[in-house]
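All remarks here apply to the structure that follows.
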Amino acid sequence: TLESIAESLEKGIPARDLQLSKEDLLSIKSMGLLTLKPFLYVFNVDEVDFCYREQALETARERLQLIPYCDLETKDNFTIVSAKMEANLGGKPRETQLSY
């Protein structure tokens with residue numbers, strides 16, 4: 001099992017895509033392989049794109065389709081953020097933050 005996982009990882013195949021049995025998963029659990037876990041893709045966009053959220057989400061989804069082993073249907077997820085907007089809001093009063 002370990003050899004086949006190592007070979008797959010060397011080929012760039014995440015461990016979560018190997019369809020391992022429950023026994024195999026238990027035997028490697030202590031290794032804490034990050035490639036067994038789902039991915040969260042976060043896109044940092046500017047304020048304008050953030051305001052057009054649906055369009056920005058669709059663009060992000062299109063970009064994710066180009067990433068091998070990205071599985072939005074069953075394992076992975078994504079979101080968009082505007083770090084600049086978050087930073088600006090951080091300095092404002094709590095009432096203003098809540099209104100966003």
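Quantities reported herein were computed from a predicted structural model and do not represent experimental measurements. Residue numbers run from 1 in the order of the sequence given.
Cluster partners of L40 are V42, V81, counting Ile, Leu, Val, Met, Phe, Trp and Tyr whose side-chain heavy atoms approach within less than 4.5 Å, directly or via other members.
Side-chain contact annotation: D71 with T74, donor-acceptor N/O pair under 3.5 Å present.
Taking NZ of K84 as the start and CG of L89 as the end, the distance is 12.5 Å to the nearest 0.5 Å. Atom OG of S27 sits about 6.0 Å away from atom CG of L2, to the nearest 0.5 Å. Taking CZ from R63 and CD from E58, the interatomic distance works out to 10.5 Å, rounded to the nearest 0.5 Å. In this structure, OG on S21 lies 8.5 Å from CG on L26, to the nearest 0.5 angstrom. One distance of note links OG1 of T59 with CZ of F43; it measures 9.5 Å at 0.5 Å rounding.
A pairwise comparison of heavy atoms in Y69 and P14 identifies CG-CD, 3.5 Å as the closest pair.
A salt bridge (Lys or Arg N to Asp or Glu O under 4.0 Å) check over residues 87-100, counting only residues at least two apart or in different chains, returns nothing.
Here L72 pairs with R61, L64, C70, D76, F78 under the side-chain contact (heavy atoms from CB on, under 4.5 Å) rule; sequence neighbours left out.
The number of heavy atoms from other shown groups lying within 6.0 Å of CD (E23) does not exceed 12. Atom CD of E3 sits in a sparse spot, with 12 or fewer heavy atoms from other residues, nucleotides or ligands closer than 6.0 Å.
In this structure, D24 and L18 have side chains that are not in contact, with every pair of non-hydrogen atoms separated by 4.5 Å or more. Two residues are said to be in side-chain contact when any heavy atoms from C-beta on lie closer than 4.5 Å; L36 and I28 meet this criterion. In this structure the side chain of R53 reaches within 4.5 angstrom of the side chain of I80, judged on heavy atoms.
The backbone N or O of R16 lies less than 3.5 Å from a partner atom in the side chain of K75, making a donor-acceptor pair. T35 contributes a side-chain N or O that, together with a main-chain N or O of A15, makes up a donor-acceptor pair within less than 3.5 Å.
I13 and L25 end up in the same hydrophobic cluster when Ile, Leu, Val, Met, Phe, Trp and Tyr side chains are linked at under 4.5 Å. Residues M85 and Y52 do not share a hydrophobic cluster, defined by chaining ILVMFWY side chains whose heavy atoms lie under 4.5 Å apart.
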